[in-house]
2 protein chains.
Amino acid sequence: MSSPPLGAPKGVSSRHGEILSVAADLFWAQGYDATSMSDLAAALGLSKASLYHHIETKESLLFDMSVVVLRRITAAVEAAADSSPEPLERLRAMVREHVVTALDHQTMNATSLTELRALSDEHRVAVTRMRDSYDRMIDEVIAEAQHAGAIRADISSKLLRLALLNLLNWTIFWFRADGDVSPADLADLLTSIFLQGALVASG
Amino acid sequence: MSSPPLGAPKGVSSRHGEILSVAADLFWAQGYDATSMSDLAAALGLSKASLYHHIETKESLLFDMSVVVLRRITAAVEAAADSSPEPLERLRAMVREHVVTALDHQTMNATSLTELRALSDEHRVAVTRMRDSYDRMIDEVIAEAQHAGAIRADISSKLLRLALLNLLNWTIFWFRADGDVSPADLADLLTSIFLQGALVASG
DNA sequence: GTCTATAAAGAGATAGAC
DNA sequence: GTCTATCTCTTTATAGAC
């Protein structure tokens, strides 16, 4: 199967992490299928055969990076969920962590989100399960805020979650780290739109 | 270059339109690079050589479908923009047309949005120009609503447009025509979130 | 307009030497 | 751990008959 990207003894696979990072950049820039193992080997300064000494298959790279980013964003947002007892404050903290963490590993997240169909059946199921679990966590916090009377209840928590993730996730397509808006500022802006809306009357 | 998908005499290239439609479904399901011309030919009930009698290159299919959907959504949203003199009503009508038109040709739109990097340099520039022009149209309507005092002015029209398109565009990743929400209902819901927000206090 | 056959290039992955 | 060389398969695209 695939080697453990996290949880392995320190240093044992720092090389693996570097390979995942470079692969993510290439996969995002050119597409997973359009990136050859020769491209990746060249970007790493290795021959193709040497590259295969460190990894199993091309597909395992895609799977491993999906697991890495999903574990990371789940851990970060779960921690944020524990930051306050107040539902609305929890939601704000989670949105901020989601945006900042997603943009901090932008190419891995973007690749994982858009290249899911390139995974093998088993790997795709595993990644989908992790995503579903993440979605449920968001659903629960939204539902909690609805029960507390803070968030409107005329829309189901599932649809509110879909709208919220719409608002957050498309950002990976256009965000540039060298632009004039920081991830934290962007998170605040998107939170404000989601909660207050764009109307003057409601600001 | 590429044959004219719109504007040609009726019937002359109805075959071309069918090919684009089938290609969009395959490109979206499997990815542009992962879909072979053999796959496409088989889906059309043709041999590969016969398929090449009707088209130029694989890449031209991707370009042509991008032009088709961009022309279509631009025309639909422009018409909606002319539907009312009131800025907020115009915005509502435009959002509805954007969502309904995008979902009406979901696989073409989704493919065009996510496979831009697979286009040749010249084709990519051409598509990007069309998209930029579309974005400017949205910017203008938002700026107009800001000047009319209907939309908050503490966020630039450009950032508001990015947030709005975030909210609308990610929908193509999860929307299912056989689900329990129609495109029109979804458009209303997303418009409501964008304008009023999710807070109870502002509803 | 459709076909069979094929050209020419590149893909993922491996063998085996060092 | 790294390399050169290679295997095998598939790719886009075309030639040329019907």
Side-chain angles (χ1 to χ4, degrees), chain A residues 1-3 5 8-9 11-24 26-66 111 115 117-124, chain B residues 1-3 5 8-9 11-24 26-27 29-65 111 115 117-124:
Chain A
M1 304 299 136
S2 56
S3 52
V12 160
S13 59
S14 73
R15 200 64 190 275
H16 193 266
E18 184 206 353
I19 293 173
L20 281 189
S21 176
V22 173
L26 288 179
F27 289 171
W28 181 237
Q30 309 174 358
Y32 170 77
D33 286 293
T35 302
S36 73
M37 296 305 270
S38 298
D39 293 339
L40 178 55
L44 287 160
L46 286 176
S47 71
K48 210 165 38 162
S50 299
L51 171 58
Y52 271 100
H53 178 77
H54 296 280
I55 66 153
E56 295 189 34
T57 62
K58 184 185 182 184
E59 192 263 358
S60 74
L61 284 176
L62 185 58
F63 176 64
D64 287 348
M65 75 177 65
S66 296
T111 301
E115 302 283 9
R117 62 194 168 190
L119 288 174
S120 70
D121 287 351
E122 303 95 62
H123 282 168
R124 191 171 54 252
Chain B
M1 304 304 135
S2 55
S3 51
V12 160
S13 60
S14 73
R15 200 64 190 276
H16 193 265
E18 185 206 355
I19 293 173
L20 281 188
S21 176
V22 173
L26 288 179
F27 289 171
Q30 308 173 358
Y32 170 76
D33 287 294
T35 302
S36 73
M37 296 304 271
S38 297
D39 293 340
L40 179 56
L44 287 160
L46 286 176
S47 71
K48 214 166 32 162
S50 299
L51 171 58
Y52 271 101
H53 179 77
H54 295 280
I55 65 152
E56 294 189 34
T57 61
K58 184 184 181 183
E59 192 262 357
S60 73
L61 285 175
L62 185 58
F63 176 64
D64 287 347
M65 75 178 66
T111 300
E115 301 282 9
R117 61 194 168 190
L119 289 174
S120 69
D121 286 352
E122 302 95 64
H123 282 168
R124 192 172 52 252

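Residue numbers start from 1 in every chain, and the chains themselves are labelled A, B, ... in the order their sequence lines are given, proteins ahead of strands. Keep in mind that what you see is a predicted model, and the values were worked out from it rather than measured.
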What does nucleotides 13-18 of chain D look like as a protein-contact string, B for base, S for sugar-phosphate only, - for none, at under 4.0 angstrom between heavy atoms? BBB---

side-chain N/O [X] vs [N] OP1/OP2, d < 4.0 Å:
X: A/Ser50; N: D/dT2; result: no
X: A/Ser36; N: C/dG10; result: no
X: B/His54; N: C/dT2; result: yes

Would you mind reporting whether B/Phe63 and B/Arg124 have side-chain heavy atoms less than 4.5 Å apart? no

Just wondering, do B/His16 and B/Leu20 contact through their side chains at under 4.5 Å, heavy atoms? yes

Rounded distance in Å - [atom1] ([X]) to [atom2] ([N]):
X: A/His16; N: D/dG1; atom1: NE2; atom2: C1'; result: 16 Å
X: A/Leu62; N: C/dG12; atom1: CG; atom2: C1'; result: 15 Å
X: A/Glu18; N: D/dG1; atom1: CD; atom2: C1'; result: 14 Å
X: B/Leu46; N: C/dT2; atom1: CG; atom2: C1'; result: 8 Å

Could you identify which residues of residues 38-45 of chain A place a heavy atom less than 4.0 Å from some atom of DNA chain D, listed by residue number, or say none? none

Contacting residues from residues 26-34 of chain A, given that a heavy atom lies under 4.0 angstrom of DNA chain D: none

For A/His54 and A/Leu46, work out which heavy atoms get closest and say how close. CD2-CD1, 4.2 Å

Residues A/Lys58 and A/Tyr32: closest non-hydrogen pair is NZ-O, 2.9 Å

Show me the donor-acceptor pairs within less than 3.5 Å that the side chains of residues 33-43 of chain A make with the rest of the protein, sequence neighbours left out.
from    : atom 1 : to      : atom 2 : distance (Å)
A/Thr35 : OG1    : A/Leu26 : O      : 3.3
A/Thr35 : OG1    : A/Gln30 : OE1    : 3.3
A/Thr35 : OG1    : A/Gly31 : O      : 2.7
A/Ser36 : OG     : A/Ser38 : N      : 3.3
A/Ser36 : OG     : A/Asp39 : N      : 3.0
A/Ser36 : OG     : A/Asp39 : OD1    : 3.4
A/Ser36 : OG     : A/Asp39 : OD2    : 3.3
A/Asp39 : OD2    : A/Ser36 : N      : 3.1

Ring pair (Phe, Tyr, Trp, His ring centres under 6.0 Å) filter on A/Tyr52, not counting sequence neighbours, yields none

Output all residues satisfying side-chain contact (heavy atoms from CB on, under 4.5 Å) with A/Ser21, sequence neighbours left out; order by chain, then residue number. A/Met108

Of all residues at least two apart in sequence or in a different chain, which pass the side-chain contact (heavy atoms from CB on, under 4.5 Å) check with B/Arg117? A/Trp28, A/Glu115

Residues in side-chain hydrogen bond (donor to acceptor under 3.5 Å, both in side chains) contact with A/Thr111, at least two apart in sequence or another chain: none

Those residues that, when tested against B/Ser50, pass side-chain hydrogen bond (donor to acceptor under 3.5 Å, both in side chains) (two or more places apart): B/Ser47

Approximate separation, where rounding is to 0.5 Å, of A/Arg15 CZ and A/Leu44 CG: 7.0 Å

